[in-house]
Every structure is written in C-alpha cells, then in structure tokens.
Number of protein chains: 2
Amino acid sequence: MDNRRLIIDSAKELFWHHGYSTTSPKQVMVDAGVGQGSFYHHFPAKADLGQEVVRENGRDLLASVRSAMEGLPTGRQRLAAFLGSAGDALGGCQIGGFAYDAGILAEPALRETLGTAFVELAGLLEQVVREGQDDGSVSPKLDPAKTAAALLAVVEGAFVVARATGRQSYADAATAGALALLEATS
Amino acid sequence: MDNRRLIIDSAKELFWHHGYSTTSPKQVMVDAGVGQGSFYHHFPAKADLGQEVVRENGRDLLASVRSAMEGLPTGRQRLAAFLGSAGDALGGCQIGGFAYDAGILAEPALRETLGTAFVELAGLLEQVVREGQDDGSVSPKLDPAKTAAALLAVVEGAFVVARATGRQSYADAATAGALALLEATS
DNA sequence: GTCTATAAAGGGATAGAC
DNA sequence: GTCTATCCCTTTATAGAC
C-alpha cells in the first residue's frame with residue numbers, strides 16, 4: 001500500500017498544477033519514485049488513478065475550506081475566509097482545472113466525481129449563507145443558493161483570471177470586489 | 001475562403017471546446033478539410049496556430065460582449081448583459097479554458113496573448129462600472145476595478161462550475177446571485 | 001500551396017520473470 | 001508487488017515531389 005499512496009500523492013500535485021491530460025503516467029512514476037510495474041499494478045489504467053485524484057482533491061478542498069472557516073463567529077466572516085482561499089491563485093484550483101480537461105470530461109466516472117465535489121462545496125457555502133442570515137451578518141434579502149453559487153464562481157473565476165494574466169492581483173481584486181458587494185448589502 | 005482561414009476557423013472551435021493541448025494538428029486538418037502539407041505550410045508549428053486562435057478568440061469574445069451591451073441605457077443593464085454571456089456555459093469560455101492548459105502556459109507568447117485578452121475585458125468592464133456610477137445605476141461606493149474583477153470572475157467561474165457539474169443551472173444561479181448583489185447595493 | 005512518405009519521440013499500456 | 005522488456009498508437013513534425 002505504500003507505493004500506492006506515493007503514486008496518488010504525486011499525481012494529486014501533478015494533475016492539480018499541470019493538468020490530467022497533460023501529465024503522463026511516466027511523469028507520475030518518476031515523481032513518486034516508483035517503477036512502471038508498480039504503477040500499473042496499482043492502477044491498471046490512468047483513469048483509475050484520475051478517479052482517486054479527483055475524489056481526494058475534492059475532499060481536500062472541502063476540508064481546507066471548512067478548516068479556514070472554523071472558529072469564525074459570523075457567517076459573513078466565514079464567507080470572507082472562503083474568498084480568501086483564492087489567496088494563492090497562480091497554482092490553480094485543486095479541482096477547477098479539471099472542468100476544462102478533455103481527458104476528465106470524456107470519462108463519465110471522472111466527470112461524475114468532479115461534479116459531486118462542486119455540488120458539495122456549493123452546498124456548504126449555501127449553508128453558511130443561511131447561517132449568516134440567521135446571525136444577522138448577511139442580508140436576509142439574498143437567495144442563499146444563488147449567493148453561494150456566485151461566491152463559488154468568484155473564487156473559481158479568480159483562479160482562471162489570475163493564471164491567465166499571471167497576476168495574483170486580479171484574484172485579489174475579484175475576491176475583494178465580491179466581499180465589498182456582500183458587505184454593502186447587509 | 002483560403003485554407004489558412006479554414007484552418008484557423010476549425011482550430012478556434014476545436015481549441016475552444018476541446019482544449020489546445022488535447023487537440024492534435026491532425027484533428028484540425030480533418031475538420032478543416034485540408035491536407036498536412038497545407039497545414040504545415042501555413043503554420044510551421046502548432047503554437048503558431050495557437051497564437052492566432054488565442055488572439056482571435058479573445059477579440060471575438062470582447063466583440064460579443066460589446067455587442068451584447070450595445071444600446072442598453074444604463075451601466076447596470078450593460079453589466080447584467082455581460083453576466084448573461086454565461087447563458088451557454090457548458091461549451092466553456094472561448095478563452096477561459098486556456099488558463100488551465102499546460103500547452104498554452106508553457107509558451108510565453110501564447111500566455112502573453114491570453115493575458116492581454118483578459119486585461120482588455122477587465123478594462124472594458126471597469127469602464128462600464130464607472131459609467132453605471134455616473135448614470136446612477138451602480139453604487140458610487142463600489143471600487144470600479146475590484147467590482148469589474150469580481151464580475152469577470154463570476155462569469156469565468158460560472159463556466160467552470162457549469163462544465164464540472166454538467167449543469168447550466170449552476171451558471172445561471174451564479175450570475176443571478178451576482179446581479180442580485182449588485183442591485184442590492186445601488 | 002499542396003501532396004505523400006517518412007520518422008523521432010512520447011503516451012499508454014501489456015507480458016512474463018523475479 | 002515490483003522489475004525490465006516490448007509493443008502499438010498518436011503526436012508533431014520534416015523532406016522532397018508536383
């Protein structure tokens with residue numbers, strides 16, 4: 001099981017920063033320091049590894065968002081913490097890049113896993129918007145699901161624009177702008 | 001229509017919907033209906049074609065945003081029209097997908113062209129935010145650059161989430177949520 | 001400008017020994 | 001479980017004739 005974990009951990013980083021389709025099994029083997037025989041023993045096809053990576057990166061992202069929000073007293077502060085997760089945008093979102101990866105989209109199982117990760121993240125944010133409305137930090141006039149979708153999109157879009165321009169400042173501007181809109185309504 | 005144009009037009013569609021790295025010169029030749037000799041005569045390397053495609057898709061996107069805004073009386077309405085450009089998100093943004101494409105990012109010239117397209121789009125939106133503040137349809141308390149960056153990110157993120165989940169409704173929710181935030185402040 | 005032939009390199013595996 | 005050898009296919013071209 002040790003090599004299996006080394007492979008997954010390497011692939012998580014490589015697929016994240018370099019893309020799934022554009023990273024070869026060989027690159028993963030080299031990075032993980034395992035041989036070809038070991039690789040194909042644990043993952044008969046590249047897509048099997050992709051499945052684990054998409055699932056784990058989705059879970060890691062959800063966990064890190066929860067962790068960033070933890071202990072903050074108001075819903076709005078927790079949403080602000082989520083917006084802050086685009087604070088290192090040049091590396092790309094752990095799962096956002098998969099949405100434009102033909103190799104992921106072509107495999108129904110990978111696509112399904114990816115979609116589930118986003119649905120869960122959207123669900124978490126919607127819940128936090130509701131909590132913010134309950135504690136008075138978010139305007140009760142806002143639709144929770146739509147507001148959550150907008151905030152999730154801001155963060156995903158911040159990653160896109162930051163990577164495209166090579167400038168983190170665009171991500172910072174986007175999240176600051178979104179936070180200002182949220183605060184102006186409350 | 002000369003072959004060079006046929007090649008570019010095919011590549012614009014294919015790179016847009018299927019990705020740059022994940023689309024081969026051969027696929028472009030077949031789609032365009034031109035031979036290999038013709039292809040490599042016009043574009044000595046794939047990146048030369050990529051350069052034209054990124055530039056033209058960027059220009060097309062800017063033009064279609066301008067066109068969608070044209071004739072609308074207030075800045076806020078023009079921004080709403082921009083948000084509406086995520087109305088068909090499942091196909092992906094004409095240039096957004098390039099931000100996660102390793103083949104684009106590895107070529108400095110392509111990256112530069114891509115970045116320029118986003119900077120121009122952000123500049124246009126910032127101008128429209130200012131116009132909205134002048135005509136009273138957008139709150140004067142908002143920072144124009146940050147608000148523009150947020151709206152651009154919402155649209156790019158809407159594309160990402162819609163493609164990842166396979167559901168257009170997530171894009172619609174995101175843009176509706178952003179519009180509601182914008183309207184609640186004015 | 002366009003054609004066909006050729007080719008080096010890499011991607012994505014499979015086979016069988018240890 | 002891991003190793004090395006092998007294999008077929010695609011990608012990304014290049015060469016030279018028409």
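Reminder, nothing fancy here: chain letters follow the sequence lines and each chain counts from 1. Just so you know, these numbers come straight off a predicted model, no measurement behind them.
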Whole-Å gap separating [atom2] ([N]) and [atom1] ([X]):
X      : N       : atom1 : atom2 : value
M29(B) : dT12(D) : CE    : P     : 10 Å
L6(A)  : dT2(D)  : CG    : C1'   : 14 Å
I7(B)  : dT12(D) : CD1   : P     : 15 Å
Q27(A) : dA9(C)  : CD    : P     : 17 Å
R5(B)  : dG1(C)  : CZ    : C1'   : 18 Å
R4(B)  : dT2(C)  : CZ    : C1'   : 16 Å
K26(B) : dA7(C)  : NZ    : C1'   : 14 Å
Q36(B) : dA5(C)  : CD    : C1'   : 10 Å

Of all of residues 37-48 of chain A, which get a heavy atom below 4.0 angstrom from DNA chain D, listed by number?
-> G37(A), S38(A), H41(A), H42(A)

E70(B) bridged to R66(B) by N-O distance under 4.0 Å = no

So, E56(B) and R5(B), do they make that salt bridge, N to O below 4.0 Å?
-> yes

Is it true that the side chains of D31(A) and Q27(A) contain a donor and an acceptor less than 3.5 Å apart?
->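 Note: D31(A) and Q27(A) side chains miss the donor-acceptor criterion.
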
Give, for atom CG of L14(A) and atom CG of D9(A), the distance between the pair rounded to the nearest 0.5 Å.
-> 11.0 Å

Give a yes or no on whether the backbone of Q94(A) and the side-chain of K12(A) come within a donor-acceptor separation of less than 3.5 Å.
-> no

Tabulate below the donor-acceptor pairs under 3.5 Å that side-chain atoms of residues 105-114 of chain A make, not counting sequence neighbours, or state none.
from	atom 1	to	atom 2	distance (Å)
T113(A)	OG1	Q51(A)	OE1	3.4
T113(A)	OG1	Q51(A)	NE2	2.7
T113(A)	OG1	A109(A)	O	3.0

Does OP1 or OP2 of dG1(C) have a side-chain N or O of N3(B) closer than 4.0 Å?
->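 No, N3(B) has no side-chain N/O under 4.0 Å of OP1/OP2 on dG1(C).
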
